[in-house]
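To keep things clear, I will list the structure first and then write my remarks on it.
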Amino acid sequence: MIKLKERGKKAPEIMLSPMIDMMFLLLIFFIVSAMYMSELRTIPVKLPVATETITQSSVKFTVTIKDDGAYWLGDKVIDRGQLIAKAKEAQSKDKNFSVVIRADENVQYKTVIGLLDSFKKAGISRVGLATDKGNKNAIKP
């Protein structure tokens, strides 16, 4: 009979490189997921173009006026009276409350001004108008 040499009993080794690879993959997954979660999902409208715009990322009250004159709060159609009432209620809870109006470029000017006037009568003075950012050469007078 052939006798084999006894092998030394070693503790199993932990392979670190596959674990590090998995951690990097998880990190990338969560970063990409967080970017999609923070994306603003709104009703599609064709916004007018402006060259001098400021991006505001912390808006919770976005009103959209479609070209047919319908008012949308988030992703739901709402009438103007309910819209103003919800805005007043939200402002009473948050002293830094602000509204952003996204109006289609084909909406009549008087519709946007009427909504601005309604917000002003309700005591809401922090109102912004959304535009698409364009280059300075794109706007023609």
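Here, residue 1 is the first one in the sequence, and each next residue gets the next number. We use all heavy atoms of the structure for the numbers below, so side chains are in, but hydrogens, waters and symmetry mates are not.
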Test of understanding: with ring pair (Phe, Tyr, Trp, His ring centres under 6.0 Å), list the residues that count as partners of F97, not counting sequence neighbours. F61

F29-M22 co-clustered via ILVMFWY side chain contacts under 4.5 Å: no

L83 and I78 have their tightest heavy-atom pair at N-CD1, 3.7 Å

When rounded to the nearest 0.5 angstrom, what is the spacing between NZ in K88 and NZ in K121? 11.5 Å

Count I, L, V, M, F, W, Y as connected when their side-chain heavy atoms are under 4.5 Å apart, and connections chain through other members. Are F30 and L25 then in the same cluster? no

Establish whether M15 and M23 are linked, either directly or via other cluster members, by ILVMFWY side-chain heavy-atom contacts under 4.5 Å. no

Tell me if a side-chain donor or acceptor on R80 pairs with a main-chain N or O of G114 at a distance below 3.5 Å. yes

Can you see which heavy atom on K120 is nearest to which on S125, and at what distance? NZ-CB, 4.3 Å

How many angstroms lie between atom OG1 of T111 and atom CG of N106, to the nearest 0.5 angstrom? 11.5 Å

Within 6.0 angstrom of M19 CE, more than 12 heavy atoms from elsewhere: yes

Please answer: with hydrophobic residues joined when any side-chain heavy atoms are less than 4.5 Å apart, are I20 and L26 in the same cluster? no

Distance in Å, L73 CG paired with K86 NZ, rounded so as to fall on 0.5 Å steps: 6.0 Å

What I'd like to find out is whether the side chain of Y71 reaches to under 4.5 Å of the side chain of I101, using heavy atoms alone. no

Give, for atom NZ of K66 and atom CZ of R102, the distance between the pair rounded to the nearest 0.5 Å. 9.5 Å

Quick one: do L115 and I84 satisfy side-chain contact (heavy atoms from CB on, under 4.5 Å)? Show the steps, please. CA-CA 9 Å; L115 185 59; I84 300 301; 4.2 Å; yes

